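What follows is a single structure, written as structure tokens, with notes after it.
Values in this document were obtained by computation on a predicted structure and should not be read as measured data.
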Amino acid sequence: MTTPTRLLPFAPRRAVQVLAAVGAAALLVTGCGSDSDKGSDKKSDSAAEAGGGTRTVKDATGTAVKVPANPKRIVTLTQEDLDAVLALGVKPVGITNGQGLSKPPAYLADKVQGINVVGNLLQPVMDKVVAAKPDLILAGDMQDEQMLKQLREITPATLVTMAPTDDWKLSFRGIGNALNKMNEANKVIGDYEAKAKKAGEGLGGNKGAEVSIVRWNPDGPSWMEKKQFASGVALDMGLKRPKNQDKDGNAHTPALSLEKINEIDGDWLFLSTLTSDGEKALKDVQEKPAYKDLNAVKKNHAVTVDGSVWSTRGGPIASGVVVDDIAKALK
């Protein structure tokens, strides 16, 4: 299976920043809609009748979209969207497989039993989406305009929920607004931040430690910049990044060669993979002297974690998993 490359940082920074300027914060802008607005098509009208009216929100691209006031049948096209709606107490009617997976992410498995899978990450099978009869589609960071057009023919209430540099909290608040659950979304974030702070303060001698966060690819390791999802969770816990990883971005580096493996070192080293090839590459390098010479490895401070949680754009449930993983290791 081909792993989506939406996390790769190779897009020009300036272009990314421009798109981010109209990011998920735009989802926080709402207005009232009317079932009798001119130009409403039959699909919009049926959604309005089922949900008790409509509201207008702006998605992560700044596009105004009419959505049901109380959506009942939600399809999510990324695990971040899935994580978000589940955290808000909503069970979707259609989901996609996790990043790099042929099934939903394991950390959400107990919450998605019985929900139809409509395709892979950002690769929905249109017939399956149609069969789910959605009144709202959350399309993550979908950039395929042709696919978006097809989705909007299924329901005009199709939202791009993430811009390239949006963090999970910003995107989550936008999704909360789209679901008419902003108060609930703010509470979820507040509860997470309190949990992260408490966990960080309870780390004893490891309080404020430097943690290296790395994804191992088939061709080598990539360390995560400070605003990447798991990195942000570590910072919320009061932890630090190694000096050479103290970069204010939300992506990860190109794969490093074995000669540069020292760049991934730190007080603690958290390692994840997303594919079987990446897992094999990590196992292979763990037998090499260069890996064994890392200070974190010598101190038995190298921890393997779930890449389908740590190497994604993240969400409130995933954030809780990362907090628990860090706390378990550093205590």
Test: [X] and [Y] ion pair at under 4.0 Å:
{"X": "Lys187", "Y": "Asp191", "result": "yes"}
{"X": "Lys169", "Y": "Glu193", "result": "yes"}
{"X": "Arg173", "Y": "Asp167", "result": "no"}

Discussion item. Tell me which one of Asp236, Asp248, Asp166 satisfies salt bridge (charged side-chain N to carboxylate O under 4.0 Å, His left out) with Lys227.
Written reply: Asp248
Just by distance, do the side chain of [X] and the backbone of [Y] share a donor-acceptor pair under 3.5 Å?
{"X": "Asp83", "Y": "Ile317", "result": "yes"}
{"X": "His301", "Y": "Asp267", "result": "yes"}
{"X": "Asp135", "Y": "Lys72", "result": "yes"}
{"X": "Asp144", "Y": "Met147", "result": "yes"}
{"X": "Asn217", "Y": "Asp277", "result": "no"}
{"X": "Glu279", "Y": "Ser272", "result": "no"}

Do [X] and [Y] have side-chain atoms, one donor and one acceptor, less than 3.5 Å apart?
{"X": "Ser308", "Y": "Gln79", "value": "no"}
{"X": "Trp223", "Y": "Glu263", "value": "yes"}
{"X": "Arg215", "Y": "Thr273", "value": "no"}
{"X": "Asp325", "Y": "Trp310", "value": "yes"}
{"X": "Ser319", "Y": "Trp168", "value": "yes"}
{"X": "Arg313", "Y": "Asn250", "value": "no"}

[atom2] on [Y] to [atom1] on [X], rounded to 0.5 Å:
{"X": "Met162", "Y": "Leu159", "atom1": "CE", "atom2": "CG", "value": "11.5 Å"}
{"X": "Ile175", "Y": "Leu138", "atom1": "CD1", "atom2": "CG", "value": "5.5 Å"}
{"X": "Ile74", "Y": "Asp81", "atom1": "CD1", "atom2": "CG", "value": "10.0 Å"}
{"X": "Lys280", "Y": "Lys283", "atom1": "NZ", "atom2": "NZ", "value": "10.0 Å"}

Practice prompt. Report yes if the side chains of Leu122 and Thr78 come closer than 4.5 Å at any heavy-atom pair, otherwise no.
Written response: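 Yes. Closest side-chain heavy atoms under 4.5 Å.
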Fill in: Lys226 and Asp246, any side-chain heavy atoms less than 4.5 Å apart
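Counting from C-beta outward, Asp246 and Lys226 do come under 4.5 Å.
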Worksheet item: Counting only heavy atoms not in Asp284, do more than 12 sit closer than 6.0 Å to its CG atom?
Response: yes
Fill in: Residues, nucleotides or ligands: over 12 heavy atoms within 6.0 Å of Lys260 NZ
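Atom NZ in Lys260 is not crowded, with 12 or fewer foreign heavy atoms closer than 6.0 Å.
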Discussion item. Test salt bridge (charged side-chain N to carboxylate O under 4.0 Å, His left out) on Asp293 and Lys288; report intermediate values, then the result.
Written reply: CA-CA 9 Å; Asp293 284 343; Lys288 297 183 181 298; over 6 Å; no
